[in-house]
Amino acid sequence: MVEWTPEKIVAFQETLLKWYDNNKRNLPWRRDHDPYHIWISEIMLQQTQVQTVIPYYERFMKLFPTVQALANADEAILMKVWEGLGYYSRARNLQKAAQQIVNDYNGQWPTTVKELQELSGIGPYTAGAIASIAFNKPVPAVDGNALRVFARLLEINEDIAKPQTRKLFENIIKKLMPKNRPGDFNQAIMDLGASYMSAKNYDSENSPVKLFNQAYLDGVEDNYPVKTKKKRPIPVNYFGLLIHSQDDYLFERRPNSGILSRFWMFPLIKGDDIQTKKDASEDDVLRALEAQFLSTYQLEIHVKKIGGRPVTHTFTHQKWQITLLEAELNNSSDLSYFPGKWISESDFREIAFTKVQTKMWERYQQQKEQ
DNA sequence: AATTCGTGGAA
DNA sequence: TTTCCAAGAAT
């Protein structure tokens, strides 16, 4: 990696901030420096593109304009607002942190990185972002943009996928930050990382800091940042049960932990969990599924396959393939042993559903038309 | 330290 | 269709 002289550091700061002053993106959360606004935007923006976040942010602020409103929010309404944004623990941690601020800090925001990081859902990056942008503290905010941008500028060869690399970058960036405008500096790096220095289709030739970009000057930009590849999603097979009576559908509440926790979904049974002999026919599998449903939930069902391709949905680390089955069940059956309930179709619009649940519903509707 | 947490966009 | 990526945190 390269070292910069004090003069070069100052020149970089001036060049970057001048560009930012003239070209910064006009974003809803940049209208002021209210820590509540900065915070909500930062949480929404985790692993999520700006254009996706904007409408969610606007709706969120109308419904929960203050930290007190969020602390007192109905969780079902909160999840409905977050519906489709993914990583739902972000929303739940958001409310926990709001309650921490109201109860532990009497509604007054803590301003140090240390205190901010003790709030639910706020880690090293978000604490740095809030402290620098809302409270003008001279601290780095090392996100994916900062890692990529400085890896290229300084030809840093550390693997940015490794957790410990963040600390190295924090120490480097601390020395490059201006003390007077830390928030603008951090945001300028993000804007740079989202434009001229993006991961793909970057345009270093026209970048405002191209003369500070060592990897570009050396013609080795393709080598930066150094980043190990992620594993590909593992295939998981499910059977999805469509059980209805009139306009009521049987939904299962997912466990309190794990993927899509606490959401209402059509009952899902993992394919691997169904015990069958070798060379079992498709019909044998369905009968085994019925037997398992009976022994697990004391519910007698009769299933038949619904035509059409399985529903597929890919998460970061799992690729689900769901075979839809229509099942008959007496609507007076005892649901005592089943972790779910009947939900009327007319209530669907009030409830937050996951993307994969919506896909199952749409496939079912599609199938009924034929 | 390595996994686990969603979804949508782009090539 | 597949792959990678997008203002990370919790465990």
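A, B, ... follow the sequence lines: proteins, then strands. Residue 1 opens every chain.
- Here the range on DNA chain B touched by chain A, meaning any atom under 4.0 Å from one of its heavy atoms, is B:dA1 to B:dA11.
- Within 4.0 Å of A:K231, counting heavy atoms only, lie sugar-phosphate atoms of the nucleic acid but no base atom.
- Taking the ring axis of A:Y20 as reference, the NZ or CZ atom of A:R181 does not stay both within 45° of it and closer than 6.0 Å to the ring centre.
- Under the 4.5 Å side-chain contact rule for hydrophobic residues, A:F251 and A:F338 do not share a cluster.
- A:T52 comes within 4.0 angstrom of no nucleic acid atom, judged by non-hydrogen atoms across all strands.
- Closest contact between the side chain of A:W29 and the listed nucleotides C:dA6, C:dA7, C:dT3 involves C:dA7.
- The distance between the ring centers of A:H313 and A:F315 falls below 6.0 angstrom.
- Base contact: A:T316 has a heavy atom under 4.0 Å from a base atom.
- Using a 4.0 Å heavy-atom distance criterion, A:N186 is classed as making no nucleic acid contact.
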Exercise answer: donor-acceptor pairs, residues 59-72 of chain A side-chain atoms, under 3.5 Å, sequence neighbours excluded:
residue: A:T66; atom: OG1; partner: A:Q68; partner atom: N; Å: 3.4
residue: A:T66; atom: OG1; partner: A:A69; partner atom: N; Å: 3.1
residue: A:N72; atom: ND2; partner: A:Q68; partner atom: O; Å: 3.2

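- With DNA chain B read from its 5' end, the first of the two nearest nucleotides for A:N201 and A:I259 is the one closest to A:I259.
- OP1 or OP2 of C:dA9 lies within a sub-4.0 Å distance of a side-chain N or O belonging to A:T126.
- Counting any heavy atom pair closer than 4.0 Å across all strands shown, A:A199 reaches sugar-phosphate atoms only and no base atom.
- You'll find that the side chain of A:K227 is closest to C:dC5, out of C:dA10, C:dC4, C:dC5.
- Contact detail for A:P110 and A:F135: the closest heavy-atom pair is O-CE1, 3.5 Å.
- Across all strands, A:L85 comes closer than 4.0 Å to base atoms (heavy-atom distances).
- Heavy-atom distances to DNA chain B give each of A:Y87 and A:P163 a nearest nucleotide, and the one nearer the 5′ end belongs to A:P163.
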